[in-house]
2 protein chains.
Amino acid sequence: MWFNYFGAMITLTEENYIKAIYQLGKYGTVNASTNSIADALETKASSVTDMIKKLADKGYVNYKPYQGVKLTQKGKKIAADVVRKHRLWEVFLVEKLNFSWDEVHDIAEQLEHIKSEKLINELDKLLDYPTHDPHGDPIPDKSGDIKKTDKTLLFNLDENAKGICVGVKDTSSAFLKYLDKYNIALGSKITVLSKEAFDDSMVIQIGETTINISQVVANNLFIKEQ
Amino acid sequence: MWFNYFGAMITLTEENYIKAIYQLGKYGTVNASTNSIADALETKASSVTDMIKKLADKGYVNYKPYQGVKLTQKGKKIAADVVRKHRLWEVFLVEKLNFSWDEVHDIAEQLEHIKSEKLINELDKLLDYPTHDPHGDPIPDKSGDIKKTDKTLLFNLDENAKGICVGVKDTSSAFLKYLDKYNIALGSKITVLSKEAFDDSMVIQIGETTINISQVVANNLFIKEQ
DNA sequence: ATATAAATTTAGATTAATCTAAAAATTTAT
DNA sequence: ATAAATTTTTAGATTAATCTAAATTTATAT
């Protein structure tokens, strides 16, 4: 039996729902729809309805039938803790255990549910208090706060604009391997050489090399403009 | 959905039963009784009967009604893997995250179920291939083999015998804290100064200090005689 | 404004793991 | 060797999480 921050018991399934609601509802500030939760968790809408009623009973979400759900403060704290753990474990896997950024997600999905405050605080210390995970996503602090940096999609940069790659939107293994192949990594300096109106592709420069990327790629790379 | 070494799905509950059977049945070589399994897992005998039927169906144990169960080769491999992970995580917690030996058990109980071969192999490497956990218990190797060293309980030593503390039988927090208090740790040199027939207590020397220990303590400390 | 489509909820079943109480088998003690 | 005690199994229920299919509500389009 495991108990959360508030001294209440919480199941692994409940944690996963709360996390999904957090991420779908822009960190818990807007309503997440029943169907979007079902899609995110690869389950059925009817299962979601059942579960959100239970979460509402326990005080993790506010729910009005047909209106979707929004996290309460209590729910937000749970979600931020799970996300914090997920991202810290990802850093651990890459920094200490030689994993690459396309291999860490599934393992972090398991590790994020381990219950121990001391464990996560010591892990944070071991990793020297990282602020971002290997995909550039910010790590919530102990109280659940996220400091967000100004970043934009590469797609939005104008010709001749320069910036640094600070994150990926799509974290699928396929996309990350594509980036590896073309030596695009967090920290890479990117210059937009030209944009093609026809298909929204662009030519960019990374270090010495020049490559042509599709609109799909440009829409999944976060850039800090300079 | 997680799949084991044999490509079959295995639940967390099944893993816990298999581990208990392994440890009760002296690493799976003798039969574990229904009641002993129930005690170990803090559940009821009727629940155990249900589960061992399922484990038998899946080929992890051999079961004849009223005869208890013994692990199959398949079951033994699963169990040894779980124990290997448990003990490696314990080493990690103590060596890398500043935990003391009385704090690691509950967290390792959670971590032992994380599924990733690469994770556990890399952890093994990070820890420089440890052979024993913080309580002196041997860590099974990748193929599930345990090399056991010759050790005896302090209780069995004669007067004037010398040895080194190599493990604890009781791993409860209470006992481990007792040992900390009297500076008894793995690696401590111990000499039996005298034995008291009346209550089976003994006087031992550790480093510069001399202490009186009860039969209970003597029966829970493993010693390598010298 | 009303019909149609889409989203959501309800009703009723199913599965895994558990429980209690009763029945059956085995072990122990005289 | 048989009665008593203990252990184990069976039978029937319960809970959490899920599902399908049907009903209901909300949104969309003409």
Side-chain angles (χ1 to χ4, degrees), chain A residues 1-4 8-21 24-25 30-71 75 78 82 109-110 112-113 115, chain B residues 1-4 8-21 24-25 30-71 75 78 82 109-110 112-113 115:
Chain A
M1 286 297 170
W2 290 102
F3 299 89
N4 69 16
M9 210 193 65
I10 188 161
T11 67
L12 185 138
T13 309
E14 288 168 351
E15 271 193 2
N16 280 331
Y17 271 88
I18 291 170
K19 188 180 87 162
I21 293 164
L24 283 167
V30 304
N31 286 22
S33 74
T34 301
N35 266 349
S36 65
I37 297 167
D39 285 352
L41 296 174
E42 295 184 87
T43 185
K44 297 297 151 98
S46 54
S47 306
V48 174
T49 302
D50 284 346
M51 181 56 82
I52 60 188
K53 281 179 186 167
K54 199 213 270 195
L55 295 177
D57 283 347
K58 292 191 169 188
Y60 298 124
V61 299
N62 289 123
Y63 167 62
K64 291 235 170 92
Y66 298 99
Q67 305 298 135
V69 283
K70 189 154 78 172
L71 292 177
I78 303 290
V82 173
E109 288 280 298
Q110 301 177 65
E112 72 189 8
H113 300 291
K115 262 75 172 179
Chain B
M1 286 295 170
W2 289 102
F3 300 89
N4 69 17
M9 209 193 65
I10 188 162
T11 67
L12 186 139
T13 310
E14 287 168 350
E15 270 192 4
N16 279 332
Y17 271 87
I18 290 170
K19 187 180 90 163
I21 293 164
L24 284 167
V30 303
N31 286 22
S33 75
T34 302
N35 266 350
S36 65
I37 298 167
D39 285 352
L41 296 173
E42 295 183 90
T43 185
K44 297 296 150 100
S46 54
S47 307
V48 173
T49 302
D50 285 345
M51 180 55 82
I52 60 190
K53 281 179 188 166
K54 199 214 266 192
L55 294 177
D57 284 346
K58 291 191 170 188
Y60 297 124
V61 299
N62 289 123
Y63 166 62
K64 290 234 169 93
Y66 297 99
Q67 305 298 134
V69 283
K70 189 153 77 173
L71 292 177
I78 302 291
V82 173
E109 288 280 299
Q110 300 177 65
E112 71 189 8
H113 299 291
K115 263 76 172 180

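All chains are named by letter (A, B, ...) in the order of the sequence lines, taking the proteins before the strands, and each is independently numbered beginning at 1.
- Atom CE of B/Met51 is separated from atom P of D/dT8 by 17 Å (rounded to the nearest Å).
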Query - Test side chain to side chain donor-acceptor pair (under 3.5 Å) applied to B/Ser46 and B/Thr49, step by step - result: CA-CA 5 Å; B/Ser46 54; B/Thr49 302; over 6 Å; no
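- Within a heavy-atom distance below 4.0 Å of DNA chain D, the residues of residues 38-48 of chain A found are A/Thr43, A/Lys44, A/Ser46, A/Ser47.
- Phosphate proximity of C/dA16 to B/Thr13: absent, as no side-chain N or O sits under 4.0 Å from OP1 or OP2.
- OP1 or OP2 of D/dT10 lies within a sub-4.0 Å distance of a side-chain N or O belonging to B/Lys53.
- Smallest separation of non-hydrogen atoms from A/Ala40 and A/Leu24: CB-CD1, 4.1 Å.
- Taking all atoms of both residues into account, the shortest heavy-atom contact from B/Tyr63 to B/Lys53 is CE2-CG, 3.9 Å.
- Nucleotide C/dA29 is matched to D/dT2 when pairs are restricted to Watson-Crick or G-U wobble geometry with both distances under 3.5 angstrom.
- Atom CD1 of B/Ile37 and atom P of D/dT7 are 14 Å apart (whole Å).
- When every heavy atom of A/Asn35 is checked against every heavy atom of A/Ala45, the shortest pair comes out as OD1-CB, 3.5 Å.
- Residue pairs meeting the salt bridge (charged side-chain N to carboxylate O under 4.0 Å, His left out) criterion with at least one partner in residues 57-71 of chain B, sequence neighbours excluded, are B/Glu14-B/Lys58.
- Ion pairing between A/Lys19 and A/Glu109 holds under the 4.0 Å rule for side-chain N and carboxylate O.
- In this structure, the CD atom of B/Gln67 is 10 Å from the P atom of D/dT8, given to the nearest Å.
- Taking all atoms of both residues into account, the shortest heavy-atom contact from A/Met9 to A/Tyr60 is O-OH, 4.1 Å.
- Proximity of A/Tyr63 to the phosphate of C/dT9: a side-chain N or O atom is located under 4.0 Å from OP1 or OP2.
- Between B/Gln110 and A/His113, the shortest heavy-atom contact is OE1-O, 4.1 Å.
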Set out, line by line, the N/O atom pairs under 3.5 Å between protein and nucleotides 3-6 of chain C.
none

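- One interatomic measurement links the two molecules: OH of B/Tyr17 to P of C/dA16, which rounds to 14 Å at whole-angstrom precision.
- Taking atom NZ on A/Lys58 and atom C1' on D/dT15, their separation rounds to 12 Å, with Å as the unit.
- As judged by a 4.0 angstrom heavy-atom cut-off over every strand, B/Thr34 is placed among residues touching the sugar-phosphate backbone only.
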Report task. Let me see the working for A/Asn62 and A/Val69 under side chain to side chain contact (heavy atoms under 4.5 Å, CB included), right down to the final yes or no. Result -> CA-CA 6 Å; A/Asn62 289 123; A/Val69 283; over 6 Å; no
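- The residue among A/Asp50 and A/Pro65 whose nearest nucleotide of DNA chain D lies closer to the 5′ end is A/Asp50.
- Computed from coordinates, the B/Tyr66 OH to C/dA25 P distance equals 6 Å when rounded to whole Å.
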